[in-house]
Amino acid sequence: MATSDEIFLREAISLARTGMERGDGGPFGCVIVKDGSVIGRGNNRVTSTNDPTAHAEVVAIRAACAALRSFQLDGCVLYTSCEPCPMCLGAIYWARPDRIVFAATRADAADAGFDDQLIYDELPLAPELRRISTTSSLLRNEACALFSTWKEKEDRVRY
């Protein structure tokens, strides 16, 4: 008998296959579950929407957060057909689900032509050492003034 993790992971894999066959984008799918029910689904839609952020996990997070009317996924489990890329992992951490369950690994994705190693390698580098030219700290004082205002704002919503 299949476990609930296997059932939901198979649904994520099925979404990946359907999206790929439909021409939405790469072979990636994701479901987000709360209390045994799917509250968010997503498949990769990068090429069909011309949106490089439309990865399955991001699409599913957006749907789940809309369903919950919350920017956090407390009490949720995120099931994805492949180990999340750095962008998706960042989005997942911001959304704060209780758990992540994935099927294929980043090495499996790289073998299929989806290699995120460059991003993993770039992240620990100082901005001036990264491949994409970066200008940092320009108008820093003006930007930091916003942080001062934010810290004083009594009705701010912490996240």
Side-chain angles (χ1 to χ4, degrees), residues 1-127 129-132 134 136 147 150 155-159:
M1 176 131 186
T3 67
S4 61
D5 282 352
E6 291 170 329
I7 290 167
F8 292 123
L9 202 49
R10 281 194 178 101
E11 185 168 348
I13 292 167
S14 177
L15 282 170
R17 179 178 304 285
T18 299
M20 177 186 67
E21 290 173 349
R22 191 173 44 223
D24 287 346
F28 302 97
C30 180
V31 296
I32 298 174
V33 175
K34 183 169 180 124
D35 300 326
S37 296
V38 175
I39 60 165
R41 291 177 172 81
N43 63 278
N44 183 287
R45 297 179 184 170
V46 169
T47 58
S48 63
T49 62
N50 295 314
D51 179 354
T53 69
H55 288 202
E57 295 90 341
V58 173
V59 172
I61 288 169
R62 290 173 181 160
C65 286
L68 292 176
R69 302 177 138 213
S70 174
F71 54 83
Q72 296 193 329
L73 298 175
D74 300 320
C76 296
V77 180
L78 185 144
Y79 296 91
T80 183
S81 62
C82 186
E83 181 177 357
C85 75
M87 177 188 70
C88 291
L89 194 57
I92 292 165
Y93 271 84
W94 280 116
R96 295 180 178 94
D98 289 0
R99 273 190 326 132
I100 303 167
V101 180
F102 65 83
T105 67
R106 68 172 105 163
D108 299 325
D111 184 59
F114 299 96
D115 192 354
D116 300 323
Q117 192 58 49
L118 170 67
I119 300 169
Y120 286 106
D121 292 343
E122 291 277 299
L123 286 173
L125 298 177
L129 299 176
R130 295 180 183 156
R131 290 184 185 212
I132 296 177
T134 303
S136 63
F147 290 135
W150 173 257
D155 64 341
R156 73 180 184 263
V157 177
R158 299 179 76 95
Y159 59 96

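Side chains are part of it too, since the values below use all heavy atoms of this structure and drop only hydrogens, waters and symmetry mates.
Nearest heavy-atom pair, Asn44 versus Gly26, reported as atom, atom and distance to 0.1 Å: OD1-N, 3.1 Å. Shortest non-hydrogen contact noted between Pro124 and Asp121 is CD-O, 3.3 Å. The minimum heavy-atom distance linking Leu123 with Pro86 is given by the pair CD1-CB, 4.2 Å. When all heavy atoms are compared, the tightest approach of Met87 to Val58 is CE-CG2, 4.2 Å. Nearest heavy-atom pair, Gly42 versus Ala60, reported as atom, atom and distance to 0.1 Å: N-CB, 3.8 Å. In plain terms, the two heavy atoms of Pro27 and Met20 that are nearest each other are CB-SD, 3.6 Å.
In this view, Leu118 and Glu122, Arg131 satisfy the side chain to side chain contact (heavy atoms under 4.5 Å, CB included) rule, not counting sequence neighbours. The side chain to side chain contact (heavy atoms under 4.5 Å, CB included) test applied to Ser48 returns Asp24, Arg45, not counting sequence neighbours. In this structure, the ring-ring contact (aromatic ring centres under 6.0 Å, His included) partners of Phe114, at least two apart in sequence or on a different chain, are Phe28. For Asp116, the side chain to side chain donor-acceptor pair (under 3.5 Å) criterion is met by no residue, not counting sequence neighbours. Applying the side chain to side chain donor-acceptor pair (under 3.5 Å) criterion to Ser4, with sequence neighbours excluded, gives no partner residue.
Among pairs with a residue in residues 28-40, none fulfils side chain to side chain donor-acceptor pair (under 3.5 Å), at least two apart in sequence or across chains. Listed by first and then second residue, the salt bridge (Lys or Arg N to Asp or Glu O under 4.0 Å) pairs involving residues 83-93 are Glu83-Arg106 (not counting sequence neighbours). Applying the salt bridge (Lys or Arg N to Asp or Glu O under 4.0 Å) definition to pairs two or more places apart or across chains, none involves residues 50-62. Residue pairs meeting the side chain to side chain donor-acceptor pair (under 3.5 Å) criterion with at least one partner in residues 10-20, sequence neighbours excluded, are Glu11-Arg41. Here ring pair (Phe, Tyr, Trp, His ring centres under 6.0 Å) pairs that include residues 44-67, with residues two or more places apart or in two chains, number zero. Applying the ring pair (Phe, Tyr, Trp, His ring centres under 6.0 Å) test to every pair with at least one member in residues 79-108, sequence neighbours left out, gives these pairs: Phe8-Tyr79.
Checked by atom type and distance alone, the side chain of Ser81 pairs as donor or acceptor with a backbone atom of Gly29 at under 3.5 Å.
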Applying side-chain contact (heavy atoms from CB on, under 4.5 Å) to Ile119 and Cys85, what does each step give before you reach the verdict?
CA-CA 9 Å; Ile119 300 169; Cys85 75; over 6 Å; no
Decide side-chain contact (heavy atoms from CB on, under 4.5 Å) for Leu78 and Cys30; before the verdict, give the C-alpha distance in whole Å, the side-chain angles of both, and the deciding distance to 0.1 Å.
CA-CA 7 Å; Leu78 185 144; Cys30 180; 3.7 Å; yes
Any chance you could lay out the side-chain contact (heavy atoms from CB on, under 4.5 Å) test for Ile92 and Ile61, step after step, and finish with the verdict?
CA-CA 8 Å; Ile92 292 165; Ile61 288 169; 3.9 Å; yes
Donor-acceptor contacts, no H, no angles, side chain residues 64-75, under 3.5 Å, sequence neighbours left out:
residue, atom, partner, partner atom, Å
Ser70, OG, Gln72, N, 3.1
Ser70, OG, Gln72, O, 3.2

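The line from CG of Leu129 to OG1 of Thr134 is 10.0 Å long, rounded to the nearest 0.5 Å.
For the side chain to side chain contact (heavy atoms under 4.5 Å, CB included) with Leu9, the qualifying choice from Thr80, Thr3, Val101 is Val101, the only one to do so.
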